[in-house]
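By convention in this document, chain letters (A, B, ...) are assigned in the order of the sequence lines, proteins followed by strands, and residues within each chain are numbered from 1.
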Number of protein chains: 2
Amino acid sequence: MTTPQNLLTNLAQPTQAFSKAEQKVANAILANPELTTRSSIARLAQSAGVSEPSVNRFCKRLGATGFPDFKLKLALSLASGARFINSAVAEDDTAPTFTPKIFNASIHALEKTRDSIDPKLIHHVIDEVVASKRIYFFGQGNSGPVAQDAEFKFFRFNTPVSAHQDPLMQRMLAAASKPGDLFVIISYTGRTIGLVETARLARDSLATVISITAPASPLARASDLAITLDVGEDTDEYLPMTSRLAQLTLLDVIATGVTLRQGQAHRPHLARIKASLTSTRFDSAQQDA
Amino acid sequence: MTTPQNLLTNLAQPTQAFSKAEQKVANAILANPELTTRSSIARLAQSAGVSEPSVNRFCKRLGATGFPDFKLKLALSLASGARFINSAVAEDDTAPTFTPKIFNASIHALEKTRDSIDPKLIHHVIDEVVASKRIYFFGQGNSGPVAQDAEFKFFRFNTPVSAHQDPLMQRMLAAASKPGDLFVIISYTGRTIGLVETARLARDSLATVISITAPASPLARASDLAITLDVGEDTDEYLPMTSRLAQLTLLDVIATGVTLRQGQAHRPHLARIKASLTSTRFDSAQQDA
DNA sequence: CTTATAAATGTATTTTTATTACATTATTTT
DNA sequence: AAAATAATGTAATAAAAATACATTTATAAG
């Protein structure tokens with residue numbers, strides 16, 4: 001997550017204090033980074049119009065132990081798609097250019113989330129889910145569908161589960177809750193007033209509240225456990241979505257954890273659900289997703 | 001998307017017809033692939049207990065032009081997280097081990113989708129969306145929340161839009177449709193009987209039908225335009241989800257395309273929506289997602 | 001405007017690394 | 001068991017990279 005990813009972007013930055021020869025090398029690499037990863041030092045030196053030791057020095061200056069190590073890091077940096085990550089969609093983009101940009105932004109968000117998740121917290125969350133007698137998923141606006149998706153996922157377990165998007169219903173359920181009830185509240189900002197109040201109501205009734213939300217937000221503070229997602233810079237000013245993918249994947253992680261915890265015991269239950277769906281299909285017993 | 005990703009997995013497969021010396025090389029690499037990417041051929045030969053040419057031959061057998069090329073491909077294969085991709089979640093996994101597995105599976109699915117999307121098709125879809133007078137998003141089961149998410153995304157445009165999960169409502173709307181109506185039908189399998197019939201009904205009424213579904217499925221055939229997603233091997237036998245992420249991202253791509261197409265004209269409309277949400281927040285005008 | 005100094009770059013050499021040609025050893029087939 | 005074939009290793013060669021050192025170029029002080 002440190003050097004490799006930024007190597008290419010580093011090269012391109014005009015702020016870099018490169019000497020003349022080094023700048024030539026940087027330009028030659030930037031002209032065709034892909035090729036550089038398969039070039040010899042002699043070839044690159046020639047195409048840059050400098051001597052071989054200059055290339056070597058360039059590599060060392062950028063933190064590599066030598067030219068081969070530099071090539072390796074360059075290849076890694078290319079593979080991680082760093083080229084696109086910071087490039088927001090622009091006015092003059094067309095389908096072939098903005099499509100990979102959006103996918104890369106999503107991929108990047110998932111990578112970031114993956115690397116920032118604390119497994120111990122996940123473990124605790126799974127504990128709570130397994131211990132609960134009833135689960136409610138709450139979300140408003142864009143997070144509504146995420147809550148609904150979670151309902152489908154968790155329906156597979158024997159614990160009663162439901163998702164709600166209506167603020168009034170959420171409030172009523174929270175007020176009427178009791179110990180053993182688990183509320184999973186999803187909000188990107190963690191600042192939606194209704195949801196924060198709902199969390200407080202539920203905790204007043206001694207129910208458990210887990211939130212999937214922004215770090216240090218009011219909702220995070222109002223929860224027993226908060227899984228905080230900082231998907232970061234909204235380069236994507238048009239329509240934020242990456243956070244939802246992170247939320248969905250996170251819920252999948254939790255659901256998987258619960259499945260593993262329950263072990264073999266619940267397999268028949270799953271098979272029954274699957275079987276109940278086959279009649280609605282043309283053929284193939286595969287699950288709609 | 002071909003060799004690099006599979007290199008490591010290839011090595012590990014016992015089905016591979018390796019000679020004795022080659023097997024030793026494979027084992028030595030598998031013992032520490034990360035180190036191998038930075039090793040010389042001599043070092044690897046020694047740690048494998050074979051001669052240098054044996055290592056070289058091994059590399060060529062696996063499709064590389066030589067040892068350096070092999071190292072490059074190996075590094076790439078490591079970077080893409082290939083290690084985890086085919087490793088399904090196992091019974092004895094714990095939070096620290098299955099969490100990255102699930103994230104990697106999702107990331108892989110998005111990468112695969114990104115590389116398989118035809119921008120021309122996206123372009124056509126955007127054409128249809130822009131040309132439509134009314135948009136309906138249909139999904140059932142797990143695809144229901146996806147449709148709902150799409151509704152939120154497309155609500156930002158001036159075209160009336162709604163999402164429906166109820167089969168009866170879907171059927172009624174399709175039957176009552178007219179030219180200028182656009183139906184976007186989301187189904188992972190493309191075999192849900194109700195949705196396929198709905199598509200036919202809509203087309204009978206001269207409405208346009210776009211589906212996001214499986215290749216060569218009944219639904220794909222019943223649509224005017226079909227964006228087919230083959231997220232592939234369901235290693236993830238527990239809870240399929242990767243396809244939904246691909247669908248969501250794809251819808252985001254389309255929505256972005258529409259935004260770009262409409263250009264500046266609709267900016268005030270967006271600003272109005274954003275403003276209407278601020279009063280429901282603790283502070284910060286940020287958008288819930 | 002020179003001259004000392006330091007920085008940057010290149011040349012030539014050495015060292016390391018990878019590949020090839022060929023000999024030897026195992027393995028299979030008849 | 002002998003011939004043929006495949007597999008592997010040894011030794012030589014070629015390629016690549018790094019180093020030491022010379023030369024040039026730039027910079028600053030007098």
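- For the pair A:Ile41 CD1 and D:dA18 C1', the computed distance is 8 Å after rounding to whole Å.
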Protein and nucleotides 10-15 of chain C: nitrogen or oxygen contacts under 3.5 angstrom:
{"residue": "C:dG10", "atom": "OP2", "partner": "A:Ser51", "partner atom": "N", "Å": "3.0"}
{"residue": "C:dG10", "atom": "OP2", "partner": "A:Ser51", "partner atom": "OG", "Å": "3.2"}
{"residue": "C:dG10", "atom": "OP2", "partner": "A:Ser54", "partner atom": "OG", "Å": "2.9"}
{"residue": "C:dG10", "atom": "N7", "partner": "A:Arg57", "partner atom": "NH2", "Å": "3.0"}
{"residue": "C:dG10", "atom": "O6", "partner": "A:Arg57", "partner atom": "NH1", "Å": "3.4"}

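- With D:dA17, C:dT19, D:dT8 as the candidates, the nucleotide lying closest to the side chain of B:Lys20 is D:dT8.
- Residues meeting the side chain to side chain contact (heavy atoms under 4.5 Å, CB included) test with A:Pro53, sequence neighbours left out: A:Ser51, A:Arg57.
- Considering only side-chain atoms of B:Phe67, the nucleotide from D:dT25, C:dT19, D:dA18 that sits closest is C:dT19.
- One interatomic measurement links the two molecules: CD of B:Gln23 to C1' of D:dA7, which rounds to 15 Å at whole-angstrom precision.
- Proximity of a side-chain donor or acceptor of B:Asp69 to a complementary backbone N or O of B:Thr65 within less than 3.5 Å is detected.
- Between the P atom of D:dA17 and the CZ atom of B:Arg38 lies a distance of 18 Å, rounded to the nearest Å.
- Counting only heavy atoms from C-beta outward, the side chains of A:Asp118 and A:His123 never approach each other to under 4.5 Å.
- We find the CD1-CG distance between A:Ile227 and A:Leu121 to be 5.0 Å, quoted to the nearest 0.5 Å.
- Contact check, B:Asn56 against C:dA18: no side-chain N or O comes under 4.0 Å of OP1 or OP2.
- The closest donor-acceptor contact from the side chain of A:Lys71 to the backbone of A:Ser39 lies under 3.5 Å.
- In terms of the side chain to side chain contact (heavy atoms under 4.5 Å, CB included) criterion, residue partners of A:Ala42 (sequence neighbours excluded) are, by chain and number, A:Ser40, A:Glu52.
- Remark: C1' of D:dA18 and NZ of A:Lys71 are 14 Å apart, rounded to the nearest angstrom.
- A salt bridge links B:Asp149 to A:Arg244: at least one charged side-chain nitrogen sits closer than 4.0 Å to a carboxylate oxygen.
- Here C:dT9 presents its P atom at 6 Å from CD of A:Glu22, a figure rounded to the nearest Å.
- Minimum atom distance to the side chain of B:Pro68 is reached by C:dA18, of the listed C:dT20, D:dA17, C:dA18.
- Atom CZ in B:Arg61 sits about 13 Å away from atom C1' in D:dT8, given to the nearest Å.
- Ranking D:dA18, D:dA17, C:dA18 by closeness to the A:Lys60 side chain, first place goes to D:dA18.
- To the nearest angstrom, C1' of C:dA18 lies 16 Å from CG of B:Leu72.
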